There are 2 protein chains.
Amino acid sequence: MSTAEETAGGEAQAWGEVTPDAARRLLIAAVEAFAERGYHATTTRDIAGRAGMSPAALYIHYKTKEELLHRISRIGHEKALEILRTAARQEGTARERLAGAVSSFVRWHAGGRTTARVVQYELDSLGPDARDEILALRRQCDAEVRAIIEDGVAAGEFDVLDVKGTTLAVLSLCIDVARWFNVNGPWTPDEVGALYADLVLRMVGVGAK
Amino acid sequence: MSTAEETAGGEAQAWGEVTPDAARRLLIAAVEAFAERGYHATTTRDIAGRAGMSPAALYIHYKTKEELLHRISRIGHEKALEILRTAARQEGTARERLAGAVSSFVRWHAGGRTTARVVQYELDSLGPDARDEILALRRQCDAEVRAIIEDGVAAGEFDVLDVKGTTLAVLSLCIDVARWFNVNGPWTPDEVGALYADLVLRMVGVGAK
DNA sequence: TGCCGCACTAAGCGCCCGCTCACCTTCGGC
DNA sequence: GCCGAAGGTGAGCGGGCGCTTAGTGCGGCA
């Protein structure tokens, strides 16, 4: 499970489930454009151009530009939730599960930074209904992490003052990786994942070892 | 110095240095609009309207819409740097200075969330020259925090694996407060500041009390 | 009092946006 | 061999954008 996740290679393989080939190319083009310039600064002409198509082709597969963002956000959040769920349901102590969850979650945000940036930072550009749907997924992510921390506290492994606040801080720390991580920077996604797992364990009161 | 910072009251008093009254009103209107909708989704008509003026009035005081964002970013980053510098130059142990820096930095991001959000998240909307200028200020913020952590390590107070990475994580954690903090949420800026100071001390290997 | 300068407005220019529509090509089924 | 559906294109629409310009009301000073 934890071996050949989505750590390796380009970020494109995650979109395999998007079925007509042209629709997938448009979606990937939109992810790149949104990540580079932001949703509002991206034009439909730019998206279609990156996908090698005319501007009108976009509207055969998607009703509006917002539908593209919605689809990207939902698929991305489902992937993030799956990563956290997989880690949370692993065998082992709360400490091992928390370290695993943080390192794989961070690896995803660093390695798939293009996608993660859109998913995590362009949420406000969605309409109210779509945003509510995504926020529900986000609450499930929060619940997974909180459950691990609560387990650790109940088992006497962790020493935490404020479970809710610490959960929020842990997620916030991981998510913000998408903002600052640079592929040409000094760290690999794996290194940041390991560093952050260590830092988070310290936050819940467990020494580095 | 550390008493009546900018903790109290509305976020407007920080802009006292912006001199013609109309220019200040436009700037505050721009901060609100950028924070709500983002830079690209905000129109100059909206900014002028919030300031109670006609669209054309904006161009008497600012050359372009981007100049507004530039001014906001520079003033905001100077304020952030001042907060960190003040905390770093306080008397006391590295532990006390780090806790003070984190709690006041977080208080600023939470209390002045509208401003902080624009300052921290709309950077990419600036042109290359303006962005470079702001990034220089940001590097100075990084240097202040890193200096405290290095002091703590040198004095044997802190136990840190990777000073550079930990510095980045600490700043990232604080900055991301501007993204999620909600004035109607369960915490006050002071509470988040205290919680985060505790979490950061744990990250550098110092127990809670 | 007369006039200048300046902050501000009403109107609008030129552009590019999201999106549409009439038409074209390809291709499997009978 | 013809036909309709699916997927694509070129041209262009209505509109709102950032920004400009000609003109207006008004306070200060000789």
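Below, chain A is the first sequence line, B the second, and so on; all start at residue 1. Since this is a predicted model, take the numbers as computed values, not measurements.
We find that OH of B:Y39 is positioned 12 Å from C1' of D:dC17, with the value rounded to whole Å. Taking atom NZ of B:K65 as the reference point, atom P of D:dT20 lies 14 Å away to the nearest angstrom. A:Y62 has its OH atom 17 Å from the C1' atom of C:dG18, to the nearest Å. Going from atom NE2 of A:H61 over to atom P of C:dC19 covers 16 Å, rounded to whole Å. At whole-Å resolution of the value, CG in B:D46 and P in D:dG16 are 14 Å apart. The nearest whole Å value for the distance from the CG atom in B:L26 to the P atom in D:dC19 is 14 Å. Atom CG of A:D21 and atom C1' of D:dG7 are 12 Å apart (whole Å). In this structure, B:L68 places its CG atom 11 Å from P of D:dG18, rounding to the nearest Å.
Summary of the strand contacts: B:E66 and A:A22 both lie near DNA chain D, and taking for each the nucleotide with the nearest heavy atom, the more 5' one is attributed to A:A22.
The side chain of A:M53 approaches D:dT9 more closely than any other nucleotide in the set D:dC19, C:dC19, D:dT9. Picking from D:dG8, D:dG18, C:dT9 the nucleotide with the shortest atom distance to the side chain of A:I60 gives D:dG8. Between D:dC19, C:dT9, C:dG18, one nucleotide has an atom nearer to the side chain of A:T43 than all others, and that is C:dG18. The side chain of B:A56 lies closest to C:dA10 when the candidates are D:dG8, C:dA10, C:dC8.
Side-chain N/O atoms of A:R45 and base N/O atoms of C:dG18 include a donor-acceptor pair closer than 3.5 Å.
OP1 or OP2 of D:dC17 has not a single side-chain nitrogen or oxygen of B:H40 nearer than 4.0 Å. A:Y59 has no side-chain polar atom (N or O) that falls below the 4.0 Å cut-off from OP1 or OP2 of C:dT20. Side-chain nitrogen and oxygen atoms of B:T44 include at least one within less than 4.0 Å of the OP1 or OP2 phosphate oxygen of D:dG18.
A salt bridge (Lys or Arg N to Asp or Glu O under 4.0 Å) with A:D142 is found for exactly one of A:R138, A:R139, A:R146, namely A:R146.
Smallest separation of non-hydrogen atoms from B:S104 and B:A87: OG-CB, 4.4 Å.
Stacking of A:K164 on the aromatic ring of B:W187 is recorded, both the 6.0 Å distance cut-off and the 45° axial limit being met.
A side-chain donor from one of A:H70 and A:E133 sits under 3.5 Å from a side-chain acceptor of the other.
B:E191 places a side-chain N or O within 3.5 Å of a backbone atom of B:T188 that can act as its donor or acceptor partner.
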